[in-house]
Enquirer: 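First the structure, then my questions, so here it is.
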2 protein chains.
Amino acid sequence: MLDPVARVRRFNRAVTSAVGALDTSFLGRGRPLGAARVLNAIGHGRSDVAEIRDYLGLDSGLMSRLLRSLEDEGLIETAAREDDARRRMAKLTRAGRREFAAYEALSNAQADGILAQHSQAEVLLAAMDLVASALTRERVALDEMDPRSEQARYCLGEYYAELGRRFKHGFDVSLSRDPDANDMRRPRGSFIVAISDTLPIGCVGLKGTDHGYAEIKRLWVAPGARGLRLGRRLMDAAESTARELGITLLRLDTNSALPEAGQLYRSTGWREIPRFNDDPYPDLFFEKRL
Amino acid sequence: MLDPVARVRRFNRAVTSAVGALDTSFLGRGRPLGAARVLNAIGHGRSDVAEIRDYLGLDSGLMSRLLRSLEDEGLIETAAREDDARRRMAKLTRAGRREFAAYEALSNAQADGILAQHSQAEVLLAAMDLVASALTRERVALDEMDPRSEQARYCLGEYYAELGRRFKHGFDVSLSRDPDANDMRRPRGSFIVAISDTLPIGCVGLKGTDHGYAEIKRLWVAPGARGLRLGRRLMDAAESTARELGITLLRLDTNSALPEAGQLYRSTGWREIPRFNDDPYPDLFFEKRL
DNA sequence: CATGATATCTGACTTTAGTCAGAGATCGTG
DNA sequence: CACGATCTCTGACTAAAGTCAGATATCATG
């Protein structure tokens with residue numbers, strides 16, 4: 001009754017029928033699912049025909065016909081790309097935007113419906129985040145981006161909030177040595193965000209200094225993405241970026257209130273060293289030679 | 001970035017692709033999905049053709065042809081039902097059982113694969129249980145069953161384990177007034193189990209006494225099924241069974257360490273009364289006149 | 001035992017999805 | 001500017017899924 005595999009399969013059955021219900025509601029708009037999917041891909045900002053085909057896994061002949069049918073309905077327009085006339089771009093017409101909005105409304109209504117039946121929506125959402133991260137584990141992209149970008153700032157905000165929860169006396173950003181964003185941009189450093197299907201679920205900063213080493217800062221993994229060894233992947237990415245930048249020595253500080261972090265560092269070749277700064281929060285210091 | 005609806009939709013995308021991958025692996029056995037689904041429904045114990053058709057949502061013509069193709073492959077046998085020769089029963093042949101086992105192996109491997117990538121499988125499973133319960137909320141069946149049945153005993157075991165966790169000094173079944181199973185069978189009482197797709201996710205007992213009232217005992221909702229107002233549904237079912245049995249007064253005891261239970265009782269017409277038994281665990285007592 | 005209801009089956013369709021080969025336009029490169 | 005590579009499109013298919021109108025057999029009921 002409690003076999004793990006049976007529980008996963010019960011989950012599969014539950015979501016299969018939920019997904020099927022959404023597909024059925026899509027069919028209610030009188031268009032085959034294939035055409036609806038292409039329309040939605042375009043509505044969500046994909047315009048390059050080859051990219052859509054790849055994303056949806058369609059044959060080029062089939063894709064071409066689906067585009068034609070959407071064009072005949074007056075929902076999209078296609079044009080050759082300016083930089084390469086072999087490739088085509090597709091975009092929604094006014095009618096297409098209306099139709100796309102109708103599909104969006106169906107999707108949103110379904111999502112809303114699931115949430116509305118639940119008196120603890122945040123618990124349900126956290127569980128969904130966790131499952132979604134687990135299922136898309138191998139599709140998590142590690143993207144280098146500006147530490148001031150929206151997604152980076154979101155990660156940092158979550159990171160600070162978590163420190164506030166886990167440190168006995170809270171955490172005040174202004175007391176910490178908040179690294180200058182410029183130190184986490186090439187060529188001095190870098191900032192890497194893990195993105196799972198548009199949602200940022202982790203980050204790490206590589207901060208350049210003038211003291212002959214660089215620092216690893218702001219390693220964070222979203223609660224729903226823990227257990228997927230994402231921290232290790234982020235650290236690997238930061239280290240290889242450091243090597244690219246010609247950095248040979250890395251340091252970092254952390255706090256014993258975050259035991260999983262310390263364990264990660266110890267198991268990946270970092271060795272503990274004496275305090276090397278006067279930041280009030282950390283009480284553990286590590287170094288790794290590349 | 002944190003819009004609840006967007007999070008649900010990210011979840012939808014993640015599971016859609018996981019489900020698609022399983023379908024693809026099913027196709028690898030060289031049989032269309034429709035036929036595979038029918039074979040699997042039969043393998044999982046559904047034998048009545050009309051029931052399978054209903055479960056899979058198939059047209060009777062299509063169903064007939066799928067059955068024929070499975071028969072031609074030698075995987076199933078069909079026969080008219082003995083009690084009604086218009087209806088047909090289908091069952092697997094030896095070869096059908098082999099083929100069904102192969103599909104089962106694929107499903108199990110997929111489930112195993114998901115779990116294996118996760119270093120905290122129990123956390124992931126708990127999240128899956130919660131999501132599955134939320135998605136199948138309206139398909140939860142409340143079944144009256146014997147309190148000694150396997151599913152009832154599972155619920156009771158989970159109930160006792162939870163009391164052990166939540167009571168400051170633990171919980172010892174032998175110290176509590178463990179109701180005689182016979183008091184929770186008709187006509188003296190009843191035992192109701194909430195089943196979500198084969199998994200028991202809640203229970204409640206109606207225990208007959210010789211003192212002019214019946215007691216509500218053992219109300220439990222699985223952690224993953226909380227927030228769905230299942231406790232209320234179970235209580236409603238217990239009350240209407242009580243009415244059927246001609247019971248006019250209900251009592252129950254509970255503990256202030258279970259605040260959600262007390263809140264449920266207060267909000268559904270129960271009023272607090274003085275202690276009416278000498279069980280060491282409860283410290284709150286309620287009564288409701290039907 | 002006639003009659004209407006029910007369950008399954010068959011034949012004759014349509015729609016959707018997907019495959020494949022080749023045509024035509026365009027691109028990058030030597 | 002010739003040539004191979006790339007991208008899209010068209011025509012000609014097949015397979016799968018689904019629909020619908022009877023035909024046939026059986027059942028429950030008066």
Side-chain angles (χ1 to χ4, degrees), chain A residues 16 19-42 46-73 75-91, chain B residues 16-17 19-42 46-73 76-91:
Chain A
T16 300
V19 165
L22 184 58
D23 281 353
T24 305
S25 82
F26 269 31
L27 283 176
R29 295 208 61 77
R31 197 169 291 106
L33 277 179
R37 272 194 264 270
V38 172
L39 181 71
N40 283 300
I42 298 169
R46 290 173 206 270
S47 54
D48 188 296
V49 166
E51 186 202 333
I52 297 170
R53 208 174 55 207
D54 195 50
Y55 170 66
L56 297 174
L58 298 174
D59 172 86
S60 72
L62 182 51
M63 179 69 185
S64 181
R65 265 177 273 267
L66 291 172
L67 285 174
R68 229 49 348 101
S69 81
L70 290 171
E71 248 173 357
D72 292 349
E73 281 194 88
L75 302 178
I76 64 168
E77 283 168 347
T78 62
R81 254 169 65 157
E82 293 187 2
D83 60 331
D84 182 344
R86 291 170 305 181
R87 310 189 124 215
R88 311 216 96 204
M89 307 285 283
K91 63 174 191 185
Chain B
T16 300
S17 81
V19 166
L22 185 58
D23 282 353
T24 305
S25 81
F26 270 29
L27 283 176
R29 296 207 61 78
R31 197 171 290 106
L33 276 180
R37 275 195 263 269
V38 171
L39 182 71
N40 282 300
I42 298 170
R46 292 174 205 270
S47 55
D48 189 296
V49 166
E51 184 201 334
I52 297 169
R53 208 175 54 207
D54 194 51
Y55 170 66
L56 296 175
L58 298 174
D59 173 86
S60 72
L62 183 51
M63 179 70 186
S64 181
R65 264 177 274 268
L66 291 173
L67 285 174
R68 227 52 348 101
S69 83
L70 290 170
E71 249 174 356
D72 292 348
E73 280 194 90
I76 64 167
E77 283 168 349
T78 62
R81 253 170 65 159
E82 292 186 4
D83 60 332
D84 183 344
R86 289 170 305 182
R87 311 188 124 216
R88 312 215 95 206
M89 307 285 282
K91 64 174 192 183

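In this text the structure is predicted, and so the values were computed from the model without any measurement. Every chain is numbered from 1, with letters handed out A, B, ... down the list of sequences. Side chains are part of it too, since the values below use all heavy atoms of this structure and drop only hydrogens, waters and symmetry mates.
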Enquirer: With a 4.5 Å limit on heavy-atom distance, are the side chains of Leu33(B) and Asp23(B) in contact?
Expert: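 Of all side-chain heavy-atom pairs linking Asp23(B) with Leu33(B), at least one is under 4.5 Å.
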Enquirer: How would you summarise protein contacts on nucleotides 7-15 of chain D per nucleotide, using B for base, S for sugar-phosphate only and - for none, with heavy-atom distances below 4.0 Å?
Expert: SSBBBB---
Enquirer: Would you check if the side chain of Asn40(B) reaches a backbone N or O of Ala36(B) as a donor-acceptor pair within less than 3.5 Å?
Expert: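 Here the side-chain-to-backbone pair exists.
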Enquirer: dT16(C) P sits how many Å from Leu33(B) CG, rounded?
Expert: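 Atom-to-atom, Leu33(B) to dT16(C), this comes out as 19 Å.
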Enquirer: Any side-chain heavy atom of Val49(B) within less than 4.5 Å of one from Met63(B)?
Expert: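 Yes, close enough: below the 4.5 Å cut-off.
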Enquirer: In whole Å, what is the span from the CG atom of Leu58(A) to the C1' atom of dG18(C)?
Expert: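 After rounding, the gap between these two atoms is 9 Å.
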Enquirer: Toward the 5' end of DNA chain C, which comes first, Arg37(A) or Asp83(A), by nearest nucleotide?
Expert: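 That would be Arg37(A).
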Enquirer: If you draw the axis of the six-membered ring of Phe26(A), does the NZ or CZ of Arg31(A) fall within 45° of it and under 6.0 Å from the ring centre?
Expert: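 Not flagged: Arg31(A) not positioned over aromatic ring of Phe26(A).
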Enquirer: What is the distance from CG of Asp72(B) to P of dT10(C), rounded to the nearest Å?
Expert: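 These atoms are roughly 10 Å apart.
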Enquirer: Which whole-number value in Å describes the distance from Glu82(A) CD to dT26(C) C1'?
Expert: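 Rounded to the whole Å, the gap is 15 Å.
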Enquirer: dT15(C) C1' sits how many Å from Leu27(A) CG, rounded?
Expert: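 Roughly 12 Å, once rounded to whole Å.
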Enquirer: What integer distance in Å separates Leu66(B):CG from dA17(D):P?
Expert: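 So the CG-P distance, Leu66(B) to dA17(D), works out to 7 Å.
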Enquirer: State, with a plain yes or no, whether a side-chain heavy atom of Ile42(A) is found less than 4.5 Å away from one of Leu75(A).
Expert: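 A side-chain contact under 4.5 Å is absent here.
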Enquirer: Taking atom CE of Met89(B) and atom CG of Asp84(B), what is their separation to the nearest 0.5 Å?
Expert: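 The distance works out to 11.0 Å.
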